[in-house]
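None of these values were measured; they are calculated from a predicted model. Numbered from 1 within each chain, the chains take letters A, B, ... in sequence-line order.
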Amino acid sequence: MSDQKRLFLVDAYALIFRGYYAFIKNPRINSKGEDTSAIMGFMNSLLDVIKRERPDHLAVCFDKGGSADRVEMFEAYKANRDATPDGIKTAIPYIYEILKAMHIPIMVKEGYEADDVIGTLAKKAEKEGYKTFMVTPDKDFAQLVSENIFMYRPMFGGGYETWGIPEVQKKFEVTDPLQVIDFLGMMGDASDNIPGLPGVGEKTAKKFLAAYGSMENLLANTHELKGKMKEKIEANGELGLLSKKLATIMLDVPVDFNEKDFEMSEPDIPKVTEIFQDLEFRRLIDNFLKTFSAEAIAPKTETSQKQDAPKTTPKEEKSAGEGQFSLFGAAPSDSAQTETTSEYTRKTIETTSHFYQSVAPGMATTLFVKNLLNQTSVCFDTETTGLNPLTAELVGIAFSWETGKGFYIPFPQEKEDAQNLIELLRPFFENEQIEKIGQNLKYDIKVLAKYNVDVKGKLFDTMLAHYLINPDMRHNMDVLAETYLNYTPVSITELIGKKGKNQLSMRDVPIEEQTEYAVEDADITLQLKEHFEKELGEANTQKLFDDIEVPLLRVLAAMELEGINLDKDFLNSLSKDLTKDISNLKQEIYAAAGQEFNIASPKQLGIVLFENMKLVDKPKKTKTGQYKTGEDILSYLAKDHEIIQKVLDYRGLAKLKSTYVDALPLQVEPSTGRVHTDYMQTVAATGRLSSNNPNLQNIPIRTERGRQVRKAFVPRDENYTLLAADYSQIELRIIAALSKEETMIEAFKNGEDIHASTASKVFGVPLEEVTREQRSNAKTVNFGIIYGVSAFGLSNQTDLSRGEAKELIDTYYENYPKLRAYMSEQVDFARDHGYVQTVLGRRRYLKDINSRNAVVRGAAERNAVNAPIQGSAADIIKIAMINIYNKLSHGNFKTKMLLQVHDELVFDVYKPELEDMKTLIKTEMENAFVMDVPLDVEVDTGLNWLEAH
DNA sequence: CACATGTGCAA
DNA sequence: TATTGCACATGTG
């Protein structure tokens, strides 16, 4: 068995797509501007397979020209597929070139899909006594599995799972893998546009297979079925048979299996290295050389086929590559660095590349802090028992101030002991002179605040730095380390497991591992800082970083710790009312539909409305083939069918209840009795904040019923009142100022109602004769302009026809010519520079601005106009927040800033301070940033958030 | 239990 | 075929 010859057949496109999308948020772009994500992703997978399995026979299979046969059978076949992304198209020639240089056979057959080629080869190889592994994540291949043919599926997060006959039997609930074809034929496949039997999903398909065994047998016995299902299946027998054919992998592709052609041979190492160098794949070169180095190719006899659930194995590779680390009782004394530190360390973890120590309790810590206080700039990272800083307890703190070296202070579980330990560290944290470096410092600051420690001094947050360098990318430390340091740190998952059932607490991890993990993070963060410092200077965003984002981090930490008071009782009574109304509507809907179903399920609702009730001739469908049942679609139908309005009302109330009325009380933090949102400072690509757990930036206001929720947000107690301060039309003011459009600027300077003023101009009527409808349409255009609306979009948003909408937009630009000029300047700037920027120099890169795809390019052009506007508004309110926060703290006011909702700030105002606050807040907001257009802020107060508007 | 989809809330 | 977000219920692997 173990010496059976093994053949690996790689499904190229499947792995290429997978690789490409794995990097979608942080695409690999080399210095020539090429997107190399797809190549990188594919090569990683391929080298991984080779390294793990050491196959003696291997080929990579590509599609070419699609499946002529299948399209002939069914013209819609794969018609749902989006166009192949550019990043993949450009990758293919490179991948061919690399595979050739690696001397890896490539299999393509014009007019056949890789599935068919792989299937045919696998069956032929089986006859030759081979054991074949099909390397693909695509479950369709399960139909080919036999005693000697396996699926080798790459898993997300590393590792592989092998599917043999037992796995396929279990997954698909079949006795024979061939029945997978019947299964796919019955339930269909949206991505391949295989229709399947209508009304049959996974569950029904499994039920049918258990009862009838095959599509044919099911169709022959439809008399045993009942009701709607019987009708539908009897009517669609042919569709079922066609679907089955489409799902069948062909085994008669004209290719030969000559085993010689598939033998792995020595790659042309210089050539491959050259290509990789050209692509700037430094880490992949190492990986490649390691994979093909002389000792690495030592033959492997046993396959690593696994029987059960997938197991990941990255850990062993890592230590194998870097050498096992060793543990010493004390630091070696032959190094100058350790001489000074060995006195207080109890464990040293040393590998070829780093030197991490944990600090023993007692006197040792005092000595350590003394050393710490001699530094000018220190990176630190707290380890805690959880993710909620209000309840998390310190497990340890890592420190690093020199690349490759660092220290870890484990914290005792006992509260008093922990507090005593943090007291020893207080002089460091509260030292104004020492710069503190970290990744997501807002978290650490909040945790330490719970121990009454105030982190002072200059801050450098690597997450914020990277957000300014490129806001569209992701900013987790893991991806930053991979992108900038070519290093994969130990993941938290490896340490404490996946979240859920038996996830460990950091406390349960042995100190040595805590040290290794925590100090590594601090070490890496320190290295990232060196990197980003330069880039911030280059991008001229240093000021934005130092003057806005870093100071704001402290402001947000304070707001989050503060939280807001919520009237739970009020929400509970709202909930009771909603329950009653929802239940009544539900009964009315069932009665109108003549059946019971789940109204909240778009799938079921679509079938009831459009198949059973046939309310519309040609209902619109989503890209996955479901009926569209969105609010905009249903609203059109409301006047014709009474059930529609009821469904809309039901939806509205159900949304209100589940998302706000019932969810918010559960978010009250027991330890404070308040709701603490978490502001994300590095999520929105334009520079806005976002809010979550709970999201307090989307509390309803537009409908009467919805806005009641705002009554639940109340002041701290009777000595306080809520104050809300809103920027009035800040985005329009910004676009007016940036474009220097005099008419609009004048309107703002004169304090006119801007939408009425616009209506007066575009409809050519005196200001006082503007109708409500005209104003409303003008308002829609004003907002639409900021987003880059089209005539189509505008006509959808208003009652206007497409032609009227076009005319309105044209007239608009005639009246505001500089606005249009400004917009095209932004697009031109983006084309020339690859980015646009806000008033404070916050950049957004628009890689698609020169795309040949008009849809993609259009989206980038709208971003070029919108990002500076939305982003400048974000900049301005951030300035205001910082200034207000500073005045509130320096003046020792009891008033607290609680919430930010993009153009609004909400405060808990101590009543005696109310008059001062009204002035202070309004003044600071209006003067945060001076432009040719005045900023206007409306301030209001009340017993709750609704009244304060 | 994790993820995708459709839907809908805000500025 | 309008920008930026987050969260819910459902459905699926």
**Prompt:** Would you say the base of C:dT4 and the side-chain of A:Gln870 have a donor-acceptor pair closer than 3.5 Å?
**Reply:**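 By the distance-only test, no, there is no pair.
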Is [X] close enough to [N] that one of its side-chain N or O atoms is under 4.0 Å from OP1 or OP2 there?
X	N	answer
A:Arg844	C:dT4	yes
A:Asn863	C:dT4	yes
A:Arg702	B:dA10	yes
A:Ser690	C:dC6	yes
A:Gln729	B:dA11	no
A:Ser601	C:dG11	yes
A:Lys603	C:dT12	yes

Rounded distance in Å - [atom1] ([X]) to [atom2] ([N]):
X	N	atom1	atom2	answer
A:Met680	C:dC6	CE	P	8 Å
A:Gln900	C:dT4	CD	C1'	12 Å
A:Ile735	C:dT3	CD1	P	14 Å
A:Asp848	C:dT3	CG	P	13 Å
A:Leu696	C:dG5	CG	C1'	13 Å
A:Asn866	C:dT4	CG	P	6 Å
A:Met187	C:dT12	CE	C1'	8 Å
A:Gln626	B:dT7	CD	P	9 Å

Which nucleotide in the set [options] lies at the smallest distance from any side-chain heavy atom of [X]?
X	options	answer
A:Val683	C:dG11, C:dG5, B:dA10	C:dG5
A:Pro602	B:dG6, B:dC9, C:dA2	B:dG6
A:Asn698	C:dG5, C:dT1, C:dT10	C:dG5

**Item:** Main-chain N/O of A:Val937 paired to A:Ser728 side chain as donor or acceptor, under 3.5 Å
**Value:**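 Absent.
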Any Lys/Arg nitrogen of [X] or [Y] sitting under 4.0 Å from an Asp/Glu carboxylate oxygen of the other?
X	Y	answer
A:Arg844	A:Asp472	yes
A:Asp11	A:Arg153	no
A:Lys711	A:Glu947	no

Contact class for [X] (heavy atom, under 4.0 Å): base, sugar-phosphate, or nothing?
X	value
A:Asn796	nothing
A:Arg862	sugar-phosphate
A:Val865	nothing
A:Glu731	nothing
A:Gly630	sugar-phosphate
A:Ile786	nothing
A:Arg707	nothing
A:Ala685	sugar-phosphate
A:Thr780	base

**Request:** Please round to the nearest 0.5 Å and tell me the distance separating atom CG of A:Leu696 and atom OH of A:Tyr679.
**Result:**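 A:Leu696 CG to A:Tyr679 OH: 6.0 Å, rounded to 0.5 Å.
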**Item:** Gap separating the CD atom of A:Glu938 from the CG atom of A:Asp903, nearest 0.5 angstrom
**Value:**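 Those atoms lie 10.0 Å apart.
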**Message:** Once salt bridge (charged side-chain N to carboxylate O under 4.0 Å, His left out) is applied, what residue pairs with a partner in residues 727-738 of chain A remain, sequence neighbours excluded?
**Reply:**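 Passing the test, one end in residues 727-738 of chain A: A:Arg688-A:Glu731.
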**Prompt:** Is the closest side-chain heavy-atom distance between A:Glu611 and A:Tyr627 below 4.5 Å?
**Reply:**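 Of all side-chain heavy-atom pairs linking A:Tyr627 with A:Glu611, at least one is under 4.5 Å.
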**Request:** Would you jot down, in residue-number order, the residues of residues 647-668 of chain A having a non-hydrogen atom under 4.0 Å from DNA chain B?
**Result:**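 Here the set is A:Arg651, A:Lys655, A:Tyr660.
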**Item:** Over 12 non-hydrogen atoms of neighbours within 6.0 angstrom of CG in A:Asp799
**Value:**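 No, because the 6.0 Å sphere around CG of A:Asp799 holds 12 heavy atoms or fewer from other groups.
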